[in-house]
Amino acid sequence: MKDKPIIVQSDFTVLLETRHPKADEVRPKLSSFADLRKSPDGLHTYRITPLSLWNAASAGATAESIVETLTAYAKFGVPAAVVKDIRAYVNRYGLVRIEREGKQLMLRCDDPEVLKAISAYDSLRSYWEPSPMDHRHTIAVRLTERGSVKQELMRLGYPVVDVAGYQDGEPVPIALRPSLRASGKPFGLRDYQEEAVEAFYRGGAAAGGSGVLVLPCGAGKTVIGIGAMAKLGRATLILTTNSTSVKQWRQELLDKTTLTEDDIGEYGADRKEVRPITIATYQMLTHRKSKDGEFSHMKLFGERSWGLIVYDEVHLLPAPVFRATADIQATRRLGLTATLVREDGREEDVFSLVGPKRYEVPWKRLEAQGWIATVDCTEVRVPMSGETLEAYRKSGAREQHRIAGENPAKLDVARQLLDEHRGNPTLVIGQYLDQLGALSEELGCPVVTGETPNAERERLYAAFRKGEIGVLIVSKVANFAVDLPDAAVAIQVSGSFGSRQEEAQRLGRVLRPKEGNNEAHFYALVSEGTKELEFAMKRQMFLVEQGYRYRSVGWDERRADGLSATPEEGEQAG
DNA sequence: GATTCTGAAA
DNA sequence: TTCCCTTCAGAATC
């Protein structure tokens with residue numbers, strides 16, 4: 001009994017003892033079908049939800065495999081009610097399907113009772129073909145409502161498996177090059193990249209062709225997208241988050257495939273090319289002249305016979321693009337992301353409109369294989385001076401966040417950490433421009449913010465890359481800048497409200513494999529005794545779920561110990 | 001015709 | 001819930 005690390009409770013929560021020897025073994029299994037909710041010291045709380053089960057099911061898990069995992073690791077067994085509900089939920093995935101019969105779309109369900117219940121919903125009525133329902137197992141769906149039906153049925157608790165197939169789209173020969181065009185180095189997909197492409201193409205439990213692949217920063221999402229494009233060989237629309245990323249996609253396509261400059265178009269501010277491979281930003285699509293005006297560029301979805309639409313960073317897909325996506329369900333869709341978690345809670349819409357999760361590579365797996373660096377994460381608790389503390393206490397909740405974030409005592413901490421890691425390229429990342437300006441002055445290091453002109457940014461990035469600048473201070477540009485050079489050490493001096501993505505993104509800055517022991521360092525500085533601790537825990541949740549541990553140390557203890565850290569302080573986060 | 005600035009939107 | 005960054009179109013300027 002004592003050698004089991006989890007407790008399964010009847011309310012669908014699972015408690016994981018993080019110090020248990022088998023904790024690291026069960027963690028990736030658990031997070032494939034449950035979401036991490038809280039991660040205080042020593043005991044993490046996971047929750048099994050319908051959506052987490054359906055994503056697991058679509059990636060190939062079965063009710064039995066899930067129950068087996070729980071049973072194998074549960075200290076006090078698995079409540080029978082939980083087993084029963086897991087089976088019921090997992091079996092719901094695929095219970096309702098959309099199929100094609102000739103030119104008609106049919107909603108099929110082998111359980112007549114369920115079909116009857118579905119046909120009784122008013123919210124679905126307008127999606128059915130007006131023909132009378134004379135089938136016991138099917139309802140005819142309007143061709144144009146394929147997406148809306150899936151979206152609404154998802155809300156009602158019926159995740160639809162869509163096997164109605166896709167239009168092929170315009171053929172475009174795309175082949176992967178055996179060696180890179182630019183450098184001549186040999187090129188091929190890594191094992192997990194190959195597996196991801198295959199999982200997308202074939203699907204997990206159900207027919208593939210659409211869905212989401214979940215991969216860590218640095219896993220080569222672009223390469224996987226390119227792999228899928230080569231597999232299909234059809235006109236492709238690539239949607240991504242910013243113009244640097246547009247350029248990067250273009251470069252990668254030219255470097256790694258047989259496509260030529262003329263095959264690839266950019267649909268952006270200065271050029272509006274629609275080519276067999278077209279790359280655009282989400283902001284382009286969501287642009288409108290006035291607040292209530294029409295979207296000027298959504299027509300791009302219909303401008304060519306696309307065989308594939310790639311949604312890069314699908315967790316950032318904006319609401320209006322969901323709407324457009326609902327209308328193009330006959331086109332294959334590939335979502336790429338490092339996390340299914342959306343800060344706006346629309347994970348269900350990603351599932352029903354882009355597609356379910358087809359494949360996930362855990363961060364720790366890439367780490368173990370050496371594709372990304374091992375990162376040592378430390379949360380440093382920095383006390384506030386009496387003066388700052390007083391100001392903090394007197395302020396409203398709004399200013400408190402800022403005062404804690406800008407705690408001047410962080411300067412000394414940053415200075416000492418820089419001393420410790422002298423010789424290693426280091427990024428200092430923060431949220432407030434005033435704070436970053438002050439740090440820049442005190443530490444004598446250059447700073448890059450949104451105001452920094454592009455030419456200057458490139459100059460600084462280049463100097464940092466060459467090692468001419470050892471420390472670079474960056475604002476939220478770090479969240480977007482794809483071309484920001486990699487570092488070995490990152491010091492986060494302040495962060496926003498609790499964005500898990502932001503934390504993951506920033507950690508990503510030090511993930512590139514390192515020479516030598518392949519180790520990188522990530523420090524999060526938080527003000528002792530303030531709300532910042534709580535925010536920091538929220539931010540860390542995603543990475544903790546991926547198996548990262550934040551060692552939490554007080555600044556005074558750390559200083560007393562000289563340069564060595566204090567591991568017995570214990571891991572903590574979430 | 002190309003570049004730089006501005007406000008609006010998200 | 002903030003602050004910050006990015007991007008678009010259109011106007012102004014060279």
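In what follows, chains are A, B, ... by sequence order, proteins preceding strands, each numbered from 1.
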Checklist line | Sequence-aligned protein contact record of nucleotides 7-12 of chain C, with B where the base is within under 4.0 Å of a protein heavy atom and S where only the sugar-phosphate is | finding: SSSS--

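For A:K476 and C:dC5, a side-chain-to-base donor-acceptor distance below 3.5 Å is absent, hydrogens and geometry of angles not being considered.
Considering only residues two or more places apart in sequence or on other chains, A:Y432 meets the ring pair (Phe, Tyr, Trp, His ring centres under 6.0 Å) condition with none of them. Residues forming a side chain to side chain contact (heavy atoms under 4.5 Å, CB included) with A:L366 (at least two apart in sequence, or on another chain): A:Y192, A:P216, A:A219, A:V361, A:W371, A:I372. With sequence neighbours excluded, no residue satisfies side chain to side chain contact (heavy atoms under 4.5 Å, CB included) with A:A438. A:E441 is linked by a side chain to side chain contact (heavy atoms under 4.5 Å, CB included) to nothing, counting only residues two or more places apart in sequence or in another chain. Under the rule for a side chain to side chain contact (heavy atoms under 4.5 Å, CB included), the partners of A:E502 that lie at least two apart in sequence or sit in another chain are A:K476, A:N479, A:S496, A:S499, A:R506, A:R539. Residues passing the ring pair (Phe, Tyr, Trp, His ring centres under 6.0 Å) test with A:H521, sequence neighbours excluded: A:H421.
At whole-Å resolution of the value, CG in A:D434 and P in C:dT2 are 17 Å apart. When the P atom of C:dC3 is taken as reference, atom CG of A:N479 falls 16 Å away, rounded to whole Å. Atom CD in A:Q400 sits about 14 Å away from atom P in C:dC3, given to the nearest Å. Distance CZ (A:F480) to P (C:dC3): 16 Å, rounded to an integer number of Å. Distance A:Y432 OH to C:dC5 P: 12 Å, rounded to the nearest Å.
Of all the residues in residues 445-460 of chain A, A:T449, A:G450, A:R457 reach under 4.0 Å from DNA chain C with at least one non-hydrogen atom.
Pairs engaging residues 444-457 of chain A under the side-chain hydrogen bond (donor to acceptor under 3.5 Å, both in side chains) rule: A:E456-A:R459 [sequence neighbours left out]. Sorted by first and then second residue, the side-chain hydrogen bond (donor to acceptor under 3.5 Å, both in side chains) pairs with a member in residues 306-320 of chain A read A:T240-A:D312, A:W249-A:D312, A:Y311-A:T325, A:H315-A:T337; sequence neighbours excluded. Judged as a side-chain hydrogen bond (donor to acceptor under 3.5 Å, both in side chains), not a single pair has a partner in residues 461-475 of chain A (not counting sequence neighbours).
Taking the side chain as every heavy atom from C-beta outward, A:Y267 and A:L300 approach each other to under 4.5 Å.
Think of the region where chain A sits on DNA chain B: with heavy atoms and a 4.0 Å cut, that region ends 5' and 3' at B:dA9 to B:dA10.
Side-chain polar atoms of A:E503 and A:Q492 form a donor-acceptor pair below 3.5 angstrom.
If you check C:dC3, C:dT2, C:dT6 against the side chain of A:R402, the one that comes closest is C:dC3.
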